[in-house]
Amino acid sequence: MTSNIDYIDKIPNNVDLGRDRVLQRALEHWQPAYMGWWYDMGPNESHNYDVYLRTAISVDPEGWAVFDYIKMPQYRWGIFLVPPTAGREVNFGVNKGQPAWQDVPGEYRSMLRRLIVTQGDTEPASVEQQRMLGMCAPSLYDLRNIYQVNVEEGRHLWAMVYLLHRYFGRDGREEAEALLDRRSGDVDNPRILGAFSEPTPDWLAFYMFTFFTDRDGKFQLSSLAESGFDPLARTCRFMLTEEAHHMFVGETGVGRIVQRTAEVMAENKIDDPDHARALGVIDLHTVQRYLNFHYSVTLDLFGGDVSSNAASFYTTGLKGRYEETKIDDDHVLGDATYNVGTVRDARGAVAFFKGSDNKGYFLHVGDEIYDGRIVSIDPVSGTVTFRQRVDDPRQIKPYRDIVKRLTPLSEEEAQ
Ligand SMILES: [Fe+2]
Ligand SMILES: [Fe+2]
């Protein structure tokens, strides 16, 4: 059966969709399912209204934000990658220096698919979480903003589904379908990450979500934009252009609420939350509670401080650090270790480390590791001191001591 939808016209793209038969065939199945999902789970009772929206029709400055009135189901969800950079390389990890991968490296296939699916899953999830909010928007301005965010999260789903269809064959198509089957908050088939199955029941929650969770979104996209898998990097880089507005919606939303509360409190010279509420504003205690909640569930999205996933995504070159290429180090981090814990054995204190190669190491005082040796282990404070040899004529001493604590973030140097 041939489809009577002209996908090339309906789906603005710069991936030569007209010529890509494999992708077209995959989309012929997925696109109607996506529309079914949008009608069911997109903004409630919004389908028949004209909304003033920006649509990306190309990646250049004139094309990525074209404004017009459109009914949301007719929104043109496009597929865009920023143009390739000639000679781009894998910029970090053990594969650093190889030409960036234009195809999925076989040995990293499942890891890469998981990264793309996890990112893709968050996009429809947030639309589901927010679907009732249009029923009671504070203003037309806010209503337009949430719809803008929603259609763009829909486009972000398209971006990830493009990668699954284009590069992952049959299991990519299955994953793309599953992205439309899971539901935020569904006990049987929930979204993958916890923060995306929490309800967003009101506008303060929405502003907090766009303030914190979209910020995490920007961070994650920035990390994926460094990927050695070039199509993923280029897709995510373009998605970042839209993320700024989502964060703007959160920041100005929270800002307006706090400002109005502060104004009413100052005018009436009150600081009792009950008084503030009686005067029709959201008291600061409530704002604080929302903030605590959204901040916490968003922090959970980063996973543990000691994460073997993050280490292997990095080491393999699939997911970099924020602005990886601007960081001044070797981008391999082969000697970066996580101090996982300290215990004692018959020979004294033992430090257990996990290296970026994902292997565990038991180390005693005096043991050599990388370019230095361990000079002390303090099980009480959970700190380990390395004496690293340095070959730097500007240094007074031919070594420097590096103190590692239980979390890699609090690494300190003591000369
Ligand atoms: Fe998104
Ligand atoms: Fe977003």
Side-chain angles (χ1 to χ4, degrees), residues 12 34 37-38 41-43 51 53-56 59 64-65 72 75-82 115-131 133-134 142-164 175-176 179-180 182-184 191-198 200 203 205-227 231-254 294-295 297-302 319 322:
Y34 172 81
W37 169 82
W38 182 269
M41 298 311 294
V51 185
L53 292 173
R54 73 173 179 192
T55 305
V59 294
W64 82 267
M72 277 192 286
Y75 191 78
R76 296 166 75 215
W77 284 282
I79 303 171
F80 293 106
L81 281 66
V82 297
L115 270 177
I116 293 169
V117 167
T118 308
Q119 177 63 42
D121 193 69
T122 65
E123 316 289 357
S126 65
V127 176
E128 292 164 5
Q129 287 170 299
Q130 296 158 13
R131 68 182 298 267
L133 294 178
D142 291 280
L143 187 63
R144 198 204 74 79
N145 275 345
I146 195 172
Y147 287 166
Q148 184 71 61
V149 171
N150 291 158
V151 291
E152 286 175 353
E153 299 303 3
R155 204 197 68 75
H156 291 177
L157 170 62
W158 274 78
M160 293 299 110
V161 163
Y162 160 72
L163 294 174
L164 290 170
E175 292 284 12
L179 287 170
L180 297 174
R182 283 186 287 273
R183 290 285 180 274
S184 177
R191 291 294 172 186
I192 295 170
L193 300 171
F196 293 88
S197 273
E198 297 289 349
T200 309
W203 279 79
F206 170 67
Y207 295 136
M208 289 291 177
F209 182 96
T210 37
F211 187 98
F212 288 111
T213 311
D214 276 275
R215 195 167 303 265
D216 168 77
K218 181 183 171 183
F219 179 85
Q220 298 296 342
L221 289 177
S222 301
S223 303
L224 294 172
E226 303 291 342
S227 181
L232 175 61
R234 290 165 52 205
T235 308
C236 289
R237 206 156 283 291
F238 186 68
M239 290 160 77
L240 282 166
T241 55
E242 291 154 333
E243 214 55 54
H245 174 255
H246 306 180
M247 284 164 54
F248 162 86
V249 169
E251 214 166 300
T252 53
V254 173
H294 286 272
Y295 175 71
V297 295
T298 301
L299 264 195
D300 285 347
L301 291 172
F302 288 92
K319 185 176 176 183
Y322 183 71

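Nothing here was measured: the structure is a model prediction, and the numbers come from that model. Order of appearance sets the numbers: ligands from 1, and atoms from 1 within every ligand.
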Verdict with reasoning, His245 to Gln148, per side-chain hydrogen bond (donor to acceptor under 3.5 Å, both in side chains)
CA-CA 9 Å; His245 174 255; Gln148 184 71 61; 5.8 Å; no
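- Ring to ring, Tyr162 and Trp158 are not that close: their centroids are 6.0 angstrom or more apart.
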Give the C-alpha distance, both sets of side-chain angles, the deciding distance and a yes or no for salt bridge (charged side-chain N to carboxylate O under 4.0 Å, His left out) between Arg54 and Glu152.
CA-CA 9 Å; Arg54 73 173 179 192; Glu152 286 175 353; 2.5 Å; yes
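- Closer than 2.8 Å to the Fe ion (ligand 1) sit the protein N, O or S atoms Glu123 OE1, Glu153 OE1, His156 ND1.
- Less than 6.0 angstrom separates the ring centroid of Tyr34 from the ring centroid of Trp77.
- Residues Val127 and Glu123 have side chains not in contact (no heavy-atom distance under 4.5 Å, counting atoms from C-beta outward).
- A cation-pi contact, defined as under 6.0 Å to the ring centre and within 45° of the axis, links Arg215 to Phe211.
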